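As structure tokens, the structure follows; a few thoughts come after it.
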2 protein chains.
Amino acid sequence: MGSSKTHIFSIQHNELAQVAKVLAHPARIAILEYISKQEGCICNDLVDEIGLAQPTISQHLNEIKKIGLLQGTFEGKNLCYCIDQERWLELQQAFNNFFSNINLNCC
Amino acid sequence: MGSSKTHIFSIQHNELAQVAKVLAHPARIAILEYISKQEGCICNDLVDEIGLAQPTISQHLNEIKKIGLLQGTFEGKNLCYCIDQERWLELQQAFNNFFSNINLNCC
DNA sequence: TTATATTATCGTAATATTGCAATATTAAAT
DNA sequence: ATTTAATATTGCAATATTACGATAATATAA
């Protein structure tokens, strides 16, 4: 065991959970916030800013990338990351729907 | 290693990440949705509904409880869970703030 | 009190995540 | 082509998560 039984859940539930998993680490929250404060971002700044080793930051960036939240473009010699606006708003909507659709009539 | 370096991050970032972690499993999403559809809930129903073993459901409920999202009251011989409304709205707000405060000016 | 039903806890196995050192890759500058 | 700087990948160790069988605790009913 140890692995989630994803197959017994709906696609919607799995997808929301997958996105939540990316947000489930303070480094990734901090990275997203930091990137947004810059206009784009050079990865090496993140290493100084966040305080984790370069390979670790790179891994976290990859997790964020996997759910489509990062666009990367080259600018001079440095890779420049920025947040994918369309996907961002889509996820905002997804969370808001989840929180709004829940019925709060308590027993 | 293996454990998150939570101490290098802000309280806000850690708290949001902690909540996201609870939502980061489809079973817990499904449990929250199912509880909300009922008015309260008997755990054994969840076992049938979700399709995981009773101890596993109990563990998931405990994770949800830890972030203050469940109220439990006794009703007859069965424990009746329901969603804590105040906390729910608080978390909805927290996620919405996170998504709204991000600056989307791309490079 | 004893039986019954429901929920919680314990113990354990399988898998996932986190983090970093070492190394490789990539692209620009010389 | 070589050097330099930035980012990615690999390999591995430590810890966390997920899941469930066995068992304990809890509360009602008989």
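This structure is a prediction, so every number in the text was calculated from the model and none was measured. Convention: sequence-line order gives letters A, B, ...; per-chain numbering from 1.
Residue B:Q54 places a side-chain atom within donor-acceptor reach of the base of C:dA8, judged by atom type and a 3.5 Å distance cut-off alone.
Summarising the geometry of B:I64 relative to B:I31, their closest heavy-atom pair is CD1-CG2, 3.8 Å, with the distance given to 0.1 Å. Taking each heavy atom of B:L52 and B:I57 in turn, the nearest pair found is O-CG1, 3.8 Å. A pairwise comparison of heavy atoms in B:I67 and B:R87 identifies O-NE, 2.6 Å as the closest pair. Closest non-hydrogen pair, A:A30 versus A:I50, comes out as CB-CD1, 3.8 Å.
For the pair B:K66 NZ and C:dT9 C1', the interatomic distance rounds to 13 Å; values are reported in whole Å. In this structure, A:E63 atom CD and D:dT9 atom P are separated by 12 Å, rounded to whole Å. For B:I50 and D:dC20, the CD1 to P distance is 12 Å, given to the nearest whole Å. Rounded to an integer number of Å, the gap from CD1 of B:I57 to P of D:dA19 is 9 Å. For the pair A:D48 CG and D:dA5 P, the interatomic distance rounds to 15 Å; values are reported in whole Å.
When the nearest nucleotides of DNA chain D are assigned to A:T6 and A:N62 by heavy-atom distance, the more 5′-ward of the two goes with A:N62. Residue order along DNA chain C, read from the 5' end via each residue's closest nucleotide, puts A:S3 first among A:S3 and A:H60.
Separation of atoms CD (B:Q12) and CG (B:N14) is listed at 9.5 Å; rounding is to 0.5 Å. The NE2 atom of A:H13 lies 7.5 Å from the CZ atom of A:F98; values are rounded to the nearest 0.5 Å. Taking CD from A:E90 and CG from A:L69, the interatomic distance works out to 9.5 Å, rounded to the nearest 0.5 Å.
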Between the protein and nucleotides 10-13 of chain D, list the N/O to N/O atom pairs that are separated by less than 3.5 angstrom.
none

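Comparing the local axis fitted to the first five base pairs of the helix from C:dT1-D:dA30 to C:dT30-D:dA1 with the one fitted to its last five gives a bend of 20°, rounded to 10°.
Within residues 12-25 of chain A, the residues having any heavy atom closer than 4.0 Å to DNA chain C are, in order of number, A:K21, A:H25.
In this structure, B:K65 has no salt bridge (Lys or Arg N to Asp or Glu O under 4.0 Å) partners at least two apart in sequence or on a different chain. With sequence neighbours left out, A:E49 forms a salt bridge (Lys or Arg N to Asp or Glu O under 4.0 Å) with no residue at all.
Under 4.0 angstrom from either OP1 or OP2 of D:dT15 there lies no side-chain N or O belonging to B:K5. Dashed line: the shortest gap from a side-chain N or O of B:T56 to OP1 or OP2 of D:dC20 is under 4.0 Å. Between B:Y81 and C:dA8 there is a side-chain N or O to OP1 or OP2 distance below 4.0 Å.
Within a 6.0 Å sphere centred on CD of B:E63, other residues, nucleotides and ligands contribute more than 12 heavy atoms.
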Compile the donor-acceptor pairs under 3.5 Å between side chains in residues 2-9 of chain A and protein atoms, sequence neighbours left out, one pair per line.
| from | atom 1 | to | atom 2 | distance (Å) |
| --- | --- | --- | --- | --- |
| A:S4 | OG | B:H25 | NE2 | 3.1 |

